2 protein chains.
Amino acid sequence: MSVTIKDIAKVAGVSYATVSRALNDHPDINEKTKKKIKKIAKQMGYTPNAVARGLVKKNTNMIALLIPDISNPFYPEVARGVEDIARKNGYCVFLCNTNWDEQNEHKYLNILKERRVDGIIIAPVTIDTYHYVSKEKADVPVVYIGNRIDDSSSSFVVIDDFKAGYIATEYLVKLGHRNIAFIGGHDRTTSHLDRINGYKRALTEHKLETDINIIKDYSFKKESGYLIFLEMVKNRRVPTAIVAENDIIALGIMEAAEKHGYEVPRDISIIGIDDIEFGSLSKINLTTVAQPKFEIGQKSAGILLDLISGSIESKQVILEPFLIVRGTCSRI
Amino acid sequence: MSVTIKDIAKVAGVSYATVSRALNDHPDINEKTKKKIKKIAKQMGYTPNAVARGLVKKNTNMIALLIPDISNPFYPEVARGVEDIARKNGYCVFLCNTNWDEQNEHKYLNILKERRVDGIIIAPVTIDTYHYVSKEKADVPVVYIGNRIDDSSSSFVVIDDFKAGYIATEYLVKLGHRNIAFIGGHDRTTSHLDRINGYKRALTEHKLETDINIIKDYSFKKESGYLIFLEMVKNRRVPTAIVAENDIIALGIMEAAEKHGYEVPRDISIIGIDDIEFGSLSKINLTTVAQPKFEIGQKSAGILLDLISGSIESKQVILEPFLIVRGTCSRI
DNA sequence: ATGATAATTTTAAACGTTTACGAAAAAAGG
DNA sequence: CCTTTTTTCGTAAACGTTTAAAATTATCAT
């Protein structure tokens, strides 16, 4: 049984309301008694009970971050960003890994509701997440990352995914490629849709044909990219260049290419999107379109806190992606 | 204002104690009223308030996982392991990133105390963490990972780090290397100490000289390995083989070697410890000594839950590391 | 019908805080 | 020295649950 405010009140010879106020630096408490009470509290090893406080104050000072895949280095980086801001403002963050599974996502959303978190940042598995959240009337503020929401009353921070797809593809075109394929995930995410549209636009602008390959399973793993490329070689439809929807997929593609006698970038050029840390290893040296991961985390946390404090109604942020030229793409 | 048990009681025409029991499937509630109440609860969109419950039940069903570096893919993997077990048992996990900083670690420990988490799994920054935790008389169960604790009443799960160091070094010796250096982090962690001792033992058993290089800053980043290797070339003391304390360091070393004209493994052999996912990319192909990351997470969570339920007093688990031969080490 | 027993429900206290409101004490003003 | 104002503190209710104990109702054998 840990020591409570009442215990302190007893030894200090004051009411426990006074103790509460003293500990919270309430102005109506005499400076002297404040000191005394604080001293006693420290001596007794008092630790405030956040759950009791949460009950009466109706907030928990916890926010949650839902991400689909903690093993994809992209997400830890944004997690660091949100934690950075959250911590500086006295918030703790619950990190939940949905594992690219809508079921898990929904379960977590319910748990978080029960736990009365003050706000949620969510990198949705699919666009349906948004509908689920709205239907469930989550009274908590939510900010989405990696997915535009087509509703001006909701908040999100994304990069301009269209531009990302466009930049990647155009770079390949500029290098002289005419046969450029796209490999990416399911179509239930604006991030995917936008990137694919950027890809299409860049190609049609140059009167080139598109070749879009969609990963069947609803997750982004190296293996998914690997398998798609395998099919390409099986079907003898290997392009001269590939834009991968993200770096993880790109790595999988490179892996498959490598294993089947294609040398990157001599035989095939590959470009990713995200700029995960390991892409920069000189042995990998992945050319990619970067997004500011840490900043995405910070921004979204900042918005969430503003939403919580009520200082804003909603906010939508679109960050700029930028090309990082490394070694996996070459002039044809 | 969300709907409470009292609201339900009112419309159901029963006392709120009955509602509570009905919702919790208490045996002495009539099956019929139970159904009725549950139905009403659902209709009204009731979500139990976990913080109120936590207050009276004196548990939160939350555990925390403290890790030093979420950007090191090793930790997300163990995080997945603990989350796996935690979730299956109705627990949520707080993921806290200490960033290799003892201050942060202590801050988090306090916060977790206030929040009344039911237990903590901690990958300590240094061995001192243990003393801090004991001094603070954390009344919550704690299990350490990655660090043996020299106290039979406390719990941990580690790999046999001595053996890991030994296996790595001996493998290099078997390949014919005679000039083998060790590069690793600070000496305030048993994991480090043990690995280094395993390294020493393997060398002294073969009457070879040791060459131990310690990273100055207290963190494990690629850059640390990079810098140490730079010094080696500056001092013209480049060995023929290096055992890195972990894969991240190994990658940094490879990077530095590469950039300075050393081809791996032709000019220098490098072996890591951990087996992070990206080491297996064919372009990297890092030879390493693996530890069962996911299992470490699962095991530690399992122990923690047993500790919480009181079914055990303490438990210490030492898992076996195993060599994974890939392409960064060659016969000399 | 009558106790006795079992099944079901209610009452009330508790968990550890915060906080509106009021009371007492101290300070200020006349 | 009395009133007014200000400062400081205490009382009590509230937050939304759970749960022991008491109370009520139903069941059943006699």
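Every chain is numbered from 1 and lettered A, B, ... according to where its sequence line falls, protein lines coming before strand lines. Please read these numbers as outputs of a predicted model, since none were measured by experiment.
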**Q.** Chi angles and distances behind the side chain to side chain contact (heavy atoms under 4.5 Å, CB included) call for B:Ile120, B:Ile63
**A.** CA-CA 6 Å; B:Ile120 304 178; B:Ile63 64 176; over 6 Å; no

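- Donor-acceptor pairing under 3.5 Å is recorded for the side chains of A:Asn147 and A:Thr189.
- When the C1' atom of D:dT7 is taken as reference, atom NZ of A:Lys32 falls 14 Å away, rounded to whole Å.
- Between B:Arg80 and B:Glu77 there is a salt bridge, since a side-chain N of the basic residue sits under 4.0 Å from a carboxylate O of the acidic one.
- Nucleotides of DNA chain C nearest to A:Ala52 and B:Gly13 differ in position, and the one nearer the 5' end is that of B:Gly13.
- No donor-acceptor contact under 3.5 angstrom links the side chains of B:Arg53 and B:Asn61, judged on distance only.
- Computed from coordinates, the A:Lys6 NZ to D:dT11 C1' distance equals 13 Å when rounded to whole Å.
- Between A:Leu95 atom CG and A:Tyr108 atom OH the span is 9.0 Å, to the nearest 0.5 Å.
- Between its opening and closing five pairs, the helix from C:dA1-D:dT30 to C:dG30-D:dC1 changes axis direction by 50°, a value rounded to 10 degrees.
- At a threshold of 4.0 angstrom between heavy atoms, the contacts of A:Val51 with the nucleic acid are absent.
- Contact annotation: the side chain of A:Leu109 approaches that of A:Tyr132 to within less than 4.5 Å [non-hydrogen atoms, C-beta and beyond].
- In this structure, B:Lys58 places its NZ atom 10 Å from P of C:dT17, rounding to the nearest Å.
- Near-neighbour residues of DNA chain D inside residues 15-30 of chain B, defined by a heavy atom below 4.0 Å, number-ordered: B:Tyr16, B:Ala17, B:Ser20, B:Arg21, B:Asn24.
- Whole-Å rounding puts the A:Lys10 NZ to C:dG16 P distance at 11 Å.
- Ring planes of B:Phe94 and A:Phe94: parallel class, angle under 30° (limits at 30 and 60°).
- Annotation: side chain to side chain donor-acceptor pair (under 3.5 Å) contacts of B:Lys34 (sequence neighbours excluded): none.
- Rounded to whole Å, the distance from CG on A:Asp7 to C1' on C:dT17 is 13 Å.
- For A:Val56, whose side chain is taken as the heavy atoms from C-beta onward, the closest listed nucleotide among C:dT10, D:dT17, C:dT17 is C:dT17.
- In this structure, A:Lys57 atom NZ and C:dG16 atom C1' are separated by 14 Å, rounded to whole Å.
- Checked against C:dT18, C:dC15, C:dT17, the side chain of B:Leu55 finds its nearest nucleotide in C:dC15.
- Straight-line distance from the CD atom of A:Glu31 to the C1' atom of D:dT8: 12 Å, rounded to whole Å.
- The CD1 atom of B:Ile5 sits 14 Å away from the C1' atom of C:dT10 (whole-angstrom rounding).
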Q) Between B:Glu83 and B:Arg87, is a salt bridge (charged side-chain N to carboxylate O under 4.0 Å, His left out) present by the stated rule, with each step listed? A) CA-CA 6 Å; B:Glu83 200 176 29; B:Arg87 263 269 298 284; 5.1 Å; no

